[in-house]
Peer 1: 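Here it is, the structure, as structure tokens.
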Amino acid sequence: MTQRRILVTAALPYANGHIHLGHLVEYIQTDIWVRFQKLRGHKCVFICADDTHGTAIMIRARQEGRSEEALIADMRDAHICDFAGFDIEFDNYGSTNSETNRELCHEIWAALRNDGYVTEQSVTQLYDPKAGTFLADRFVKGTCPKCQAENQYGDNCEKCGSTYSPADLINPTSTLSGATPELRSANHLFVSIEKLHEFLEQWTQSGEHLQIEVANYLKGHFLGEPLRDWDVSRPAPYFGFEISDSPGNFWYVWFDAPIGYMASTMEWCRKQGENFDDWWREDKSQISNLKSQTSDLKSEISNLKSEIHHFIGKDITYFHTLFWPAMLKASGFKLPTKVHIHGFLTVGGEKMSKSKGTFVQAATYLKHLDPAYLRYYYASKLGPRLDDLDLSLDEFVDKANKQLVGGVVNIASRTAKFLGGKSLCETYPADGGLFLFAAAAHESIAEAYERCDYQTVIRTCKELCDRANAYLDERAPWTLAKQPDKAEEVRQICSVGLNLFRQIVVYLAPVLPRLAQQAGELLGAPISRWEDAQSPLTGTPIANFQHMLKRVELKQVQNMIEDSKPVELLTWVEQGDVPVPAVQSTDGPEALEKEPLVADLCSIDDFTKIDLRVARVVSAAHVEGADKLLQLTLNLGGELRRNVFAGIKSAYTPEQLVDRLVIVVANLAPRKMRFGVSEGMVCAAGGGGQEIFLLSPDCGAVPGQRVH
RNA sequence: GGCGAGGUAGCUCAGCCGGUUAGAGCACAGGCUUCAUAAGCCUGGGGUCGUGGGUUCGAGUCCCACUCUCGCUACCA
């Protein structure tokens, strides 16, 4: 088999949020594909990066009172940690906010300019005079002009489904500052891709690069009419790269994000001594020479050719299948070999929901469950199509226990103990053709992996498992083990069983890398190549069997869901309505009478669920338009900052708060408020109004300490 | 409205270029086994393959119509 050179990317996660189970459909799918290619002996490079630019990041950083760079650095660390926890192994994880990316953006931009793709047009947009920024649609809220429904965001109404311009909203307000936005126009830069219409038509419809339904979608939606120009610039202030030949304008985040694929590749190339051009630039001399070469040389040259595979969700189809190829084509870069598009994750047949606890973050999952279950589960449900993938919790438990533990691992579990400390037979015993049958399956399994049809892979492996388990059942080595003269026969049967186990683990290695590792250790020979499934292992020492994967209890899954539900927010921050006259400190019964003790007892477990921390107020500020709130930036130790809105304006001034220590509920679910997201709650006593008394630790406490 | 995908056992689905009595897992019923992480094996019940036409010696599989469900409908991450 000739070695392919394959560059694989997964979509860049946005630095505005944590990785959740929905993201993981993509990263697990892609990681499996990459591991498969590597196992097959191909040169495969897995590239990703954080997507860091745009208004959302800018606004959030502002709310948290820190720089965008600090925010995206934290987020990047969190993302990397989450991915590692799920055994998702990137060859390079970059950032779109890198010098390499800036340079590549400039290069591509210059090419677009030179070839006349860039035009300038005036755009009228809502502008927030208080926040000093133009407002993306989702930062504007108002009454629907069609059906009068209130509190509708952006450019469409959830109630009546109509779409409109945000400027048409009745009584629009900025969700950033509460100000009334005004219409302002500014010159934006556009890329005209209509010039490439014919090329895009041909590229998308060729049947080679896209799934058929995607090709049809593009044809039906976009290619039937002239392609609209793409607005790729945003006026300052904007967190991103300033456009060199258009000062005061920045590239829209979607312009520099896909270029991040290239930048991250370039970083990898520098580390590995690879040539970036081999991966991303079409070598014209090679291609033009091809026609005159012999077929031998042709195949040699095609070996040098590298492939580019993008894995994305269906929400960003448009960018990856029209703009991105257009940009690459226009600037002389190599086009994607294939764009693999998958559907969304639903949980229990419904969209993920924060209130139902089905919006599970990667880190929350890892607190409760082994990543192998999810990798296996997703694999068992993923096909080559764009269907949404449903996570059914019962089925999840079932697959993990019945198929993974009771099926696959059980083969080793029921045979290895008879060979612990001994070794496999020197020559592979007769097994009625089981090994050959499984070995012959490798081709169809490999084809299924190649086309991302993992459910077929799992289905096939399950059949192999059933055969192996039926074989063991029939031969019953445990019965023979009681007869000393049958020791050799037991060894033979177990050698067969363990070899069948090993084959299956080889086939599943892309899905279950840890299991492959453990199986290698058990059997005294690492699993490192696809071909390991083709010839039986003989004579190697067998280690004592240790559990490879625990069974799952439904309770663990339920706990994870509970853990993902937002904790009910105590609403005192939003109350404080009637100021109560100051009370003398007489230790009287008034306070108790007003708010009697809670009758329900709470367990120590209930209490420890609440993560109380010492924090220092780094900065405090009035919130424009808010009557009761102050915005606090808290330091929870080290670099950890939190943005908290506290309803304490009636009792404190910002100046009184800066630098003092407070007690904060650190694991309170973030709460979206009118002025931004509040990421915790400052503890205080008192009834509201003037009567709010912040809790403070005694001298000596430092930020980050937990309150017990 | 347009476009796309799909309607196969109680549930989740597989069925490639049309071909013998329509498959798997889960669930359910019965039996075997007790080596294994209360794991494993065998047997069974149960489906007019959305509806109606058509092509064909023969259709779940091709064509048409109808019907229902879901998704998408771009400058939003």
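It should be emphasised that the depicted structure is a prediction, and the values quoted were computed from it without experimental measurement. Letters go in sequence order (proteins before strands), and every chain restarts at 1. Values reported hereafter were calculated over all heavy atoms of this structure, with side chains retained and with hydrogens, waters and symmetry mates removed.
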Peer 1: Which is true for A:Phe222 with a 4.0 Å heavy-atom rule: it touches a base, it touches only sugar-phosphate, or it touches nothing?
Peer 2: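 Counting heavy atoms under 4.0 Å across all strands, the contact made by A:Phe222 includes a base.
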Peer 1: ring-ring contact (aromatic ring centres under 6.0 Å, His included) with A:His221: which residues, sequence neighbours excluded?
Peer 2: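 Once residues adjacent in sequence are excluded, the partners of A:His221 under the ring-ring contact (aromatic ring centres under 6.0 Å, His included) criterion are A:Tyr217.
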Peer 1: Answer with base, sugar-phosphate or nothing: what part of the nucleic acid does A:Arg475 contact at a heavy-atom distance below 4.0 Å?
Peer 2: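 A:Arg475: no heavy atom of the nucleic acid under 4.0 Å.
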Peer 1: According to ring-ring contact (aromatic ring centres under 6.0 Å, His included), who are the partners of A:Tyr377, at least two apart in sequence or on a separate chain?
Peer 2: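 Expected list: A:Phe396.
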Peer 1: Sequence neighbours left out, what pairs pass ring pair (Phe, Tyr, Trp, His ring centres under 6.0 Å) with at least one residue falling in residues 475-501 of chain A?
Peer 2: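 Residue pairs with at least one partner in residues 475-501 of chain A: there are none.
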Peer 1: Between N or O atoms, less than 3.5 Å apart, protein on one side and nucleotides 4-8 of chain B on the other: list the pairs.
Peer 2:
from: B:rG6; atom 1: OP1; to: A:Arg385; atom 2: NH2; distance (Å): 3.2

Peer 1: Can you tell me which residue pairs pass the salt bridge (Lys or Arg N to Asp or Glu O under 4.0 Å) test with a partner in residues 464-476 of chain A, sequence neighbours excluded?
Peer 2: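 Found A:Arg414-A:Asp473, A:Lys462-A:Asp466, A:Arg475-A:Glu489.
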Peer 1: Can you name the side chain to side chain contact (heavy atoms under 4.5 Å, CB included) partners of A:Ala372, sequence neighbours left out?
Peer 2: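 Counting only residues at least two positions away or on another chain, A:Ala372 forms a side chain to side chain contact (heavy atoms under 4.5 Å, CB included) with A:Asp370, A:Leu512, A:Leu549.
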Peer 1: List in chain and number order the residues that pass salt bridge (Lys or Arg N to Asp or Glu O under 4.0 Å) with A:Arg385, two or more places apart in sequence or in another chain; answer none if no residue qualifies.
Peer 2: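 Scan of A:Arg385 (salt bridge (Lys or Arg N to Asp or Glu O under 4.0 Å), adjacent residues dropped) gives none.
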Peer 1: Please identify each residue that fulfils side chain to side chain donor-acceptor pair (under 3.5 Å) with A:Asp387, with sequence neighbours left out.
Peer 2: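 For A:Asp387 there are no side chain to side chain donor-acceptor pair (under 3.5 Å) partners, ignoring immediate neighbours.
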Peer 1: Among all residues two or more places apart in sequence or in another chain, which pass the ring-ring contact (aromatic ring centres under 6.0 Å, His included) test with A:Tyr238?
Peer 2: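 Here no residue qualifies.
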Peer 1: How would nucleotides 23-33 of chain B be written as a contact map, 5' to 3', with B for base contact, S for sugar-phosphate-only contact and - for no contact, using protein heavy atoms under 4.0 Å?
Peer 2: ---SS------
Peer 1: What stem regions, each of at least 3 consecutive Watson-Crick or G-U pairs below 3.5 Å, can be found for RNA chain B?
Peer 2: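 As far as RNA chain B goes, consecutive pairing (with distances under 3.5 Å) yields the stems B:1-7 with B:67-73, B:10-13 with B:23-26, B:28-32 with B:40-44, B:50-54 with B:62-66.
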Peer 1: Start at the 5' end of RNA chain B and walk down; is the nucleotide closest to A:Gln546 or to A:Tyr14 reached first?
Peer 2: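 With A:Gln546 and A:Tyr14 compared, the 5'-side residue is A:Gln546.
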Peer 1: Between A:Lys399 and B:rU12, is there a contact of a side-chain N or O with OP1 or OP2 at under 4.0 Å?
Peer 2: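 No, no such contact exists.
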Peer 1: Whole-Å distance between B:rG10 C1' and A:Asp394 CG?
Peer 2: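 The answer, rounded to whole Å, is 15 Å.
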Peer 1: Run the ring-ring contact (aromatic ring centres under 6.0 Å, His included) test against A:His342 and tell me which residues pass, sequence neighbours left out.
Peer 2: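 Result, ring-ring contact (aromatic ring centres under 6.0 Å, His included) vs A:His342: none returned.
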